[in-house]
There are 2 protein chains.
Amino acid sequence: MKLEAVDVRQSASAADIVYEALRKAIIEGDLAEGENLRQDHIAQMFNTSRIPVREALSRLEQHGLITTERYKGAVVAGLSIEEIEEIFEFRALIEAEVIRLAVPNLDRRTLDLARRHCEAFEQEENADHWGEINRNFHYSLYEGARRPYYLQIVRASLDRIDRYLRAQLTLTSGIARARREHKAILDACIARDAERASALTRDHIIDAGRSLIVFLREQRA
Amino acid sequence: MKLEAVDVRQSASAADIVYEALRKAIIEGDLAEGENLRQDHIAQMFNTSRIPVREALSRLEQHGLITTERYKGAVVAGLSIEEIEEIFEFRALIEAEVIRLAVPNLDRRTLDLARRHCEAFEQEENADHWGEINRNFHYSLYEGARRPYYLQIVRASLDRIDRYLRAQLTLTSGIARARREHKAILDACIARDAERASALTRDHIIDAGRSLIVFLREQRA
DNA sequence: CATAGAAATATTGGATCCAATATACAATCT
DNA sequence: AGATTGTATATTGGATCCAATATTTCTATG
């Protein structure tokens with residue numbers, strides 16, 4: 001007997017699909033802050049009933065991406081300047097630690113992968129792709145830390161502020177500095193200098209946070 | 001017109017109630033690791049249908065407290081030694097930072113409250129209450145940091161390992177050291193020594209993690 | 001014409017029903 | 001007997017229906 005094995009678990013539940021799609025739409029900024037999310041409407045878009053939609057919304061609420069109110073429905077959560085500052089401060093703490101833990105474990109293959117992501121980030125012209133490539137670069141290095149719990153939290157915290165970052169990168173000229181800083185972080189990793197990589201990552205995040213706050217203050221004023 | 005203001009949102013949804021009840025049962029160890037959670041069974045216990053139960057289970061899964069598999073149902077998640085180690089390491093990092101940020105903001109009232117929790121922890125004989133009082137003590141100090149996002153994550157990470165800690169505190173004589181360490185942390189806070197409070201908190205968590213791991217290795221061997 | 005109240009509509013949370021599938025067990029075959 | 005197939009049961013994910021309530025529209029009245 002000879003046949004191709006296919007993973008039969010390929011079909012995720014409807015709730016999973018809706019959850020992932022909404023999560024993606026929110027973090028990429030396709031759903032505007034404050035936008036109403038009607039269960040019925042979403043259910044029709046995904047050709048399903050409201051049950052899996054509600055489950056997806058419930059999960060999104062747990063992650064802080066939306067807020068819901070009975071009889072009123074769900075809206076995409078907006079963050080105050082203070083909340084955004086707090087998340088950046090938090091990310092700086094965690095990600096600096098993660099990269100410190102990762103450096104000793106980075107092998108040739110992983111560094112090559114990170115270098116490719118770094119180059120892709122330098123060369124990509126389409127601003128819509130920067131967020132994705134930025135994630136790929138950082139996460140490829142973070143994987144070396146072998147700390148799945150840390151990474152899960154890093155992902156969740158980036159999710160919450162990603163769309164603001166994307167908007168800012170697109171509308172301001174922060175991309176040049178981000179590119180330089182990525183290169184510096186990668187160099188420190190290649191040099192196996194965990195402390196330098198950690199400090200650079202910390203500064204990278206704090207800088208990004210600062211300019212985002214400046215940008216948002218102007219925009220919201 | 002004169003009437004007593006009552007919070008009309010007092011009636012949480014059935015899903016919220018089920019979620020909180022299951023969360024509490026899991027972190028307090030009332031539901032054993034690996035125990036099956038049948039939707040139907042839970043629904044009957046709460047006198048409701050399976051819909052809100054499913055929503056509650058979905059949220060618990062997002063927080064890592066249970067795992068679910070289609071057609072098989074949910075089981076209380078068990079953590080490997082490595083996962084527990086990682087969570088303790090993470091808590092040490094975050095909570096040390098939180099207390100450092102909190103110390104400058106601690107006012108007389110908050111310190112008094114923390115002192116009362118500390119004394120309650122010293123005097124409480126019933127091991128079933130230690131977990132609760134322990135949380136109260138630490139969180140009363142952490143509130144001073146005014147970092148809701150940090151605290152939310154601190155809560156979630158403590159949730160995941162709380163029942164192991166409770167089991168260990170009950171079965172070993174770690175309680176005496178925990179009491180001493182709490183007192184030392186409180187003293188550092190009263191003395192406004194943020195660095196000392198931070199270092200003590202870090203050690204407190206790392207110590208607790210170490211003895212828990214030792215305990216679990218024996219138990220699981 | 002503006003406004004208060006009433007009716008219609010929209011929308012959510014939950015109950016009940018249905019389809020899909022895993023597991024346990026009985027029946028059958030070698 | 002042991003392995004294999006078929007069937008009954010248990011259990012989940014999703015669809016449809018219902019009750020509660022917020023919002024909007026309409027109507028009557030000063």
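Chain A is the first sequence line, chain B the second, and so forth, proteins listed ahead of strands; every chain is numbered from 1. Heavy-atom basis, side chains included; hydrogens, waters and symmetry copies ignored.
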Calculate the interatomic distance between [X] atom [atom1] and [N] atom [atom2]; express it in whole Å.
X     : N      : atom1 : atom2 : value
B:D40 : D:dG13 : CG    : C1'   : 14 Å
A:R38 : C:dT12 : CZ    : C1'   : 10 Å
A:I51 : C:dA19 : CD1   : P     : 17 Å
B:Y71 : C:dT21 : OH    : C1'   : 5 Å
B:E55 : C:dT12 : CD    : P     : 13 Å
A:Q44 : C:dT12 : CD    : P     : 12 Å
B:L57 : C:dG14 : CG    : P     : 14 Å
B:F46 : C:dG13 : CZ    : P     : 19 Å

Give one of base, sugar-phosphate or nothing for [X], where a contact means two heavy atoms less than 4.0 Å apart.
X     : answer
B:R50 : base
A:L37 : sugar-phosphate
A:T68 : nothing

- [ ] Identify whether the distance between the nearest side-chain nitrogen and carboxylate oxygen of A:R100 and A:E97 falls below 4.0 Å.
- [x]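 Salt bridge: yes.
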Task: Note: A:R155-A:D159 ion pair, threshold 4.0 Å (strictly below) - done: no
Open item on the list: Looking at every non-hydrogen atom in both residues, tell me the closest pair between A:I161 and A:R91 and how far apart they are.
Closed with: CD1-NH1, 3.5 Å
TODO: Would you sort out whether A:H117 and A:H182 count as a ring-ring contact (aromatic ring centres under 6.0 Å, His included), showing the intermediate values?
DONE: CA-CA 10 Å; A:H117 288 310; A:H182 281 188; over 10 Å; no
Task: B:Q39 side-chain N/O to D:dA10 phosphate OP1/OP2 under 4.0 Å - done: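 The answer is no; no side-chain N or O of B:Q39 sits under 4.0 Å from OP1 or OP2.
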- [ ] Considering just the side-chain nitrogens and oxygens of B:R70, establish if one lies under 4.0 Å of OP1 or OP2 belonging to D:dT12.
- [x] no
Open item on the list: Between the base of C:dG14 and the side chain of B:R54, is there a donor and acceptor pair under 3.5 angstrom?
Closed with: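 Checked by distance alone, the answer is no.
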- [ ] Tell me, with the steps shown, if A:R163 and A:I26 meet side chain to side chain contact (heavy atoms under 4.5 Å, CB included).
- [x] CA-CA 7 Å; A:R163 70 199 141 100; A:I26 291 172; 4.0 Å; yes
Task: Of A:K72 and B:E69, the one whose closest DNA chain D nucleotide lies more 5' - done: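 Of the two residues, B:E69 wins.
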